[in-house]
Amino acid sequence: MAVTIKNTNYDGEVLDRILTKAATGNELVQKGLINLVPDVTKKYSIPRLKTNKMLRKRVEQPEDKDSKGDFIYSEKVLEPKDFMAFTTFNPRSFEQIWRPFQPKGELVFRELPPNVQNVLLKALSDQVDFELGYHFVNGIYVDDEEDDEHLFNGILMRVYEDPEVIRVNSSKDDTMIERLMRVRKATPQVLRNNPNFVYIMSVDDADRYDDELILREGKGVNWTDTSAMRFKGTTIKTVSSWPDGLIIGTVATPTEQSNFWGAVNLQNDFNVIQIDKLTNAGERYFFKMLMTADTNTAFGEEVVMLDAREGNVITTSNTTITMKSQDDAIELTPASDQTYTIEAAAVHAGARLSVSNKSAEHKATVQGTEVAPGKTVSLYYDGKSWFEGDVKKITLSSDLAGQESKAAVSASAESLEV
C-alpha cells in the first residue's frame with residue numbers, strides 16, 4: 001500500500017486542507033440495532049430459557065406425575081474472530097504535492113506534519129468503519145489465513161443458518177406494502193406491538209415504500225415531503241449495506257432485550273490506531289489496527305424474514321433445477337462421479353445451498369466442493385464465489401415448486417464454553 005498521487009495542481013491555487021471521501025459507517029451499531037458486548041476475549045454464551053405450558057386442573061394432593069411443562073435451557077455462542085487493518089506509506093510521497101503538506105525536518109528524520117497525519121487517520125478510520133458495517137451485516141467466516149474477505153459471520157448469515165427463523169414467501173412482483181403485510185401477519189402477535197420491534201430493509205426498498213405511499217390517490221403525502229418510515233405503527237430502519245428485496249422484522253435494540261448480538265474485545269478497538277516506522281532504517285511508516293468481532297441471534301423464532309430475491313439455477317448434464325429461494329436444498333443421486341456447476345446469474349451474496357449426495361458410492365463435486373456419498377454439505381455464496389461454510393449441521397427440506405422452506409436441526413446440541 002502506498003500514497004498514490006494523481007492530478008496534482010502544485011503550481012496553482014489549492015485548499016489549505018485535504019478533503020476526504022465520505023463513507024457510511026457501522027449502521028447496526030450506530031443506529032442501536034445490535035447489543036454489543038465488550039471484553040469478550042474468547043467466547044461468550046447467550047443463555048436462553050424457554051418454558052412450556054404449565055397450567056392444569058387443580059389436584060388436591062399433587063405428585064411428580066402431575067407435573068406439567070418444563071424449563072428448556074440452551075445457549076448460543078459469540079466467538080470473536082481476530083482480524084486487523086494494516087497499511088504502509090512513505091511520508092516523502094507528499095513532497096511532490098504542495099508546500100503546506102510537505103514533510104518537515106532533517107532529511108533522515110522527515111515525517112508528515114500532524115495535520116496531514118490526522119487526515120490520513122480519519123480516512124483510515126472511516127474506511128475501516130465502513131468495511132466493518134458491511135461485515136456486521138453480510139460477513140461470512142472462512143477459516144483460511146489467506147482469505148481476507150471472510151472475517152466473521154455477520155448478522156444475516158446467523159439469520160440464514162438459524163432453523164427457527166420464521167420464513168415468509170413473497171414474489172418479486174409484490175409491492176412493498178404487500179411484503180410488509182406478509183411479514184406482519186407472520187409475526188407472532190406478542191411481538192407486533194413490542195416498542196422495540198422493527199422492520200429492517202435496504203435504503204432502495206425504503207424509497208420504494210415511500211414512493212408507493214406518495215402515489216396513493218387522495219391519501220398520499222406531499223411530493224416534497226418524506227413519508228414517515230413506519231408500517232402499522234412499527235418503525236422501519238434502513239441499513240445501506242442491506243440487500244434489496246430482504247425484509248427482517250425483529251426486536252433490535254442496543255440492550256440485552258435485542259435479538260441481534262455482537263461481541264468485541266473493546267469497543268474502542270475500532271478507533272485505536274498504531275503508527276510507527278516499518279523498520280528503524282527505512283523511510284516507510286505503517287498504520288495498524290487490531291480487532292475482534294462476531295455476531296449472533298438470540299431467539300430465531302422471534303425473527304421474521306422475507307426474502308424476495310430471485311433464486312438461482314443449478315445446471316447438470318441431464319437436467320436443470322430452479323430454486324425458489326436464497327436458502328435452499330437439493331438432493332443429488334449421481335450414477336457416476338459427477339461435476340455440477342451453479343449458474344450465478346441470479347445468485348445474491350449470502351445465498352446458501354444445502355447439497356445432499358444420496359448416492360451410495362459416487363461423489364458429487366459442486367463448484368469445486370466435493371460431496372462424498374451419503375454426506376450433506378452447505379455451500380455459501382459471497383457475491384463472487386461459492387465455498388463450504390463452517391456452520392452448524394442443519395438439514396433443510398425445500399419444496400422446489402415454491403412452497404416455504406423449513407429447517408430442522410439434525411445434530412444434537414453442542415456444549416458451549418462460557
The single option from Thr365, Ile330, Val371, Val366 that satisfies side-chain contact (heavy atoms from CB on, under 4.5 Å) with Tyr340 is Val366
From the options Asp82, Val264, Val128, select the one residue that forms a side-chain contact (heavy atoms from CB on, under 4.5 Å) with Met291. Val128
Sequence neighbours excluded - side chain to side chain donor-acceptor pair (under 3.5 Å) pairs with any residue from residues 187-198: none
Give a yes or no on whether a salt bridge exists between [X] and [Y], defined as a side-chain N under 4.0 angstrom from a carboxylate O.
X      : Y      : value
Asp204 : Arg208 : no
Arg182 : Asp174 : yes
Asp294 : Lys43  : no

Residue list, side-chain contact (heavy atoms from CB on, under 4.5 Å) with Ala372, at least two apart or on another chain: Lys375
By side-chain contact (heavy atoms from CB on, under 4.5 Å) - contacts of Glu146 (at least two apart): Asp144
Just jot down the ring pair (Phe, Tyr, Trp, His ring centres under 6.0 Å) partners of [X], sequence neighbours excluded, or say none.
X      : result
Phe299 : none
Phe136 : Phe152
Tyr199 : Phe197

Judged by atom type as modelled, is there a donor-acceptor pair below 3.5 Å linking the side chain of [X] to the main-chain atoms of [Y]?
X      : Y      : result
Asn265 : Thr41  : no
Arg167 : Tyr160 : yes
Ser258 : Phe260 : yes
Glu302 : Asn259 : no
Thr297 : Gly300 : no
Tyr209 : Arg230 : yes

Which heavy atom of Val272 sits nearest to which heavy atom of Met289, and what is that distance? O-CG, 3.6 Å
Validation row: Met201, Val183 side chains within 4.5 angstrom (heavy atoms): no
Name the orientation class of the two ring planes belonging to Phe89 and Phe287 (parallel below 30°, tilted from 30 to 60°, perpendicular beyond 60°). tilted
